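Heads up: the structure comes next, in structure tokens.
Computed from a predicted structure; not experimentally measured.
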Amino acid sequence: MKIENKIISKESPVFFIAEIGINHNGSVDSAKKMIDMAVETGCDAVKFQKRTPEICVPEHQRNKLRDTPWGEMTYFDYKKKIEFGEKEYNEIDRYCKEKNILWTASTWDIPSLDFIEKFNVSFHKIASAKITDREMLEKIRDTGKPVVLSTGASTIDQIKKAVKIFQGNNEICLLHCNSGYPAKDEELNLNAIKTLQEEFPDLIIGYSGHEQGIAATLVAATLGAQVIERHITLDRTVWGTDQAASVEIQGLKRLMRDLRKLPIWLGTGEKIVYETEKKVMEKLRDKDTL
């Protein structure tokens, strides 16, 4: 699989998507700081979310009141307030090009997809919630661009139906995912990465993590996840639905450091006696009687 000039394969380093999502809370300055986080730590791409509130917010939810950092407001007004428009995305596009990092956005409705397509993003990320939305999948298929598809709360049968829409037209990556925010340890089910590898041997398999901490993400990479997606934030205590399942700068630094070291740690699998070991054995092994 290829995204821009980056090859994703079993031999390549993990392709890391830092999801900013809606953790910016409507602030372009906050979004830029998180882009800087991603650049500083060596992430490959940043990802946002794009919705049309008039389409995506159900009628029965619109007038529910919520306490927000901007005071009490309806859920509909809140969703509109945190949504970036053309001005904001023009600046995001400019800034990511300046910082030489890829960006994309998971889109939750057709007008949002048409909007994001205007920026000629390199690939499309499909959220778990949209995996059964045939109209959306077909519209993304028709762009011909690489697809990264999250599989949270989905059955193998649903995943197969979604994959069938794209096969022969798009390069595809499937991300194992648990859709809880934050996901419970006992529900991460990381061995499902191996299940997806067996069910879809010709596809790139990765992991989208919503858990707290970074250890499980490293395990996912050890199991063969070739694309990793994690939410990032400036401060996990900031108001917002996704903040608790996100990684701050220090955690992101450690995670990226260890992901890059992982191939070195795993090695080739060949059992080797290293020169450093021979020197130790000269001291400790007084005879060889085998």
For this session: Could you check Asp157 against Lys161 for salt bridge (Lys or Arg N to Asp or Glu O under 4.0 Å), going step by step and ending with a plain yes or no?
Result: CA-CA 6 Å; Asp157 185 55; Lys161 288 177 180 178; 3.4 Å; yes

Problem set entry | Lys145 to Phe123, cation-pi by 6.0 Å centre distance and 45° axis angle | no

Problem set entry | Geometric cation-pi criterion, Lys50 with Phe84: 6.0 Å, 45° | no

Problem set entry | CZ (Arg94) with more than 12 external heavy atoms under 6.0 Å | yes

Exercise. Near Asn191 CG, under 6.0 Å, is it more than 12 heavy atoms from other residues, nucleotides or ligands?
Worked result: yes

Exercise. So, Glu91 side chain and Glu88 main chain: donor-acceptor pair closer than 3.5 Å or not?
Worked result: no

Exercise. Does the side chain to side chain donor-acceptor pair (under 3.5 Å) test come out yes or no for His231 and Gln243, once each step is laid out?
Worked result: CA-CA 8 Å; His231 286 261; Gln243 307 287 0; over 6 Å; no

Exercise. Can we say Asp77 and Arg66 salt-bridge, meaning some charged N sits less than 4.0 Å from an Asp/Glu carboxylate O?
Worked result: no

Exercise. Below 4.0 angstrom, N of the basic side chain to O of the carboxylate: do Glu138 and Arg134 qualify?
Worked result: yes

Seminar exercise, completed: Interatomic distance, OG1@Thr233 vs CE@Met37, rounded to 0.5 Å, equals 7.5 Å

With no hydrogens and no angle check, just 3.5 Å: does a side-chain donor-acceptor pair link [X] and [Y]?
{"X": "Glu4", "Y": "Ser122", "result": "yes"}
{"X": "Thr217", "Y": "Glu211", "result": "yes"}
{"X": "Asn178", "Y": "Tyr207", "result": "no"}
{"X": "Lys125", "Y": "Thr107", "result": "no"}

Exercise. Looking at residues at least two apart in the chain, or sitting in another chain, which of them share a ring pair (Phe, Tyr, Trp, His ring centres under 6.0 Å) with Trp239?
Worked result: Tyr78

Closest heavy-atom contact between [X] and [Y]?
{"X": "Ile193", "Y": "Ile205", "answer": "O-CG2, 3.9 Å"}
{"X": "Ile232", "Y": "Ser246", "answer": "C-CB, 3.9 Å"}
{"X": "Trp108", "Y": "Cys56", "answer": "O-SG, 3.6 Å"}

Exercise. Hey, mind stepping through Asp109 and Thr52 against side chain to side chain donor-acceptor pair (under 3.5 Å) and telling me if it holds?
Worked result: CA-CA 7 Å; Asp109 55 83; Thr52 304; 2.8 Å; yes

For this session: Could you please spell out the steps behind the ring-ring contact (aromatic ring centres under 6.0 Å, His included) verdict for Trp103 and Tyr95?
Result: CA-CA 10 Å; Trp103 77 273; Tyr95 196 69; over 10 Å; no

Exercise. Angle class for the His24/Phe48 ring planes (parallel below 30°, perpendicular above 60°, tilted otherwise)?
Worked result: tilted

For this session: Please work out which of the three classes, parallel, tilted or perpendicular, describes the rings of Tyr89 and Phe115, given edges at 30° and 60°.
Result: perpendicular

For this session: Tell me whether Ile22 is reachable from Val247 by hopping between hydrophobic residues (I, L, V, M, F, W, Y) whose side-chain heavy atoms are closer than 4.5 Å.
Result: no

